[in-house]
Amino acid sequence: SNANRIADSLCKMRGAALKLGQVISTFEDSVIHPLIKTALLRARQQADFLPQDQLLEAIKNAYGENWKDKFLSFNLNPVAAASIGQVHEAVLKENGKKVAIKFIYPGIADCVDQDLDSFKRILKVTGMVPKGIF
């Protein structure tokens, strides 16, 4: 169905597009068709994870080449994924403390900047905000 194609596409996206779908999924059924809402809920709950090679690169960038020496354990499978990053469970070697580590997706800052620029243009063109705000 079209709703499933929307959800599949949103699950692969990052940044504002995924966030918008996630926010819309919280709307009342009177505002959004239940089939669309169900598809958007899936995007909220099943956003795609960062590929493992990119995750390992992000871990090395954050903790160095010997990152494994800093943890008793590190779950490479995320416990959650969202529009700008994902969260992993780990146990610190120095004190045995269980922690949650969030990794921001590579390039997400540029993506958010572009999304905000597009949003500003839409607001200007539609006249939804007074002149001089942006």
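In terms of heavy-atom proximity, Gly96 sits nearest to Val91 at O-CG1, 3.5 Å. Nearest approach of Ile101 to Ala90, heavy atoms of both residues: CD1-CB, 3.9 Å. Contact record, Gln86 with Leu55: NE2-CD1, 4.2 Å, taken as the closest heavy-atom pair.
Contact annotation: the side chain of Glu89 never approaches that of Phe74 to less than 4.5 Å [non-hydrogen atoms, C-beta and beyond].
For Ala58, the side chain to side chain contact (heavy atoms under 4.5 Å, CB included) criterion is met by Phe103, not counting sequence neighbours. For Ile104, the side chain to side chain contact (heavy atoms under 4.5 Å, CB included) criterion is met by Ile84, Lys102, Ile108, not counting sequence neighbours.
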- Query: Is there a side chain to side chain contact (heavy atoms under 4.5 Å, CB included) between His88 and Val79 once you walk through the steps?
  - Reply: CA-CA 6 Å; His88 294 263; Val79 295; over 6 Å; no
Full working for side chain to side chain contact (heavy atoms under 4.5 Å, CB included) between Gln54 and Tyr105: CA-CA 9 Å; Gln54 291 180 14; Tyr105 297 128; over 6 Å; no
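The list of salt bridge (charged side-chain N to carboxylate O under 4.0 Å, His left out) pairs with a residue in residues 57-86, not counting sequence neighbours, is empty.
Linking ILVMFWY residues whenever their side-chain heavy atoms come closer than 4.5 Å, directly or via other members, leaves Leu76 and Val87 in distinct clusters.
Taking CD of Glu94 as the reference point, atom CZ of Phe71 lies at 9.5 Å (rounded to 0.5 Å).
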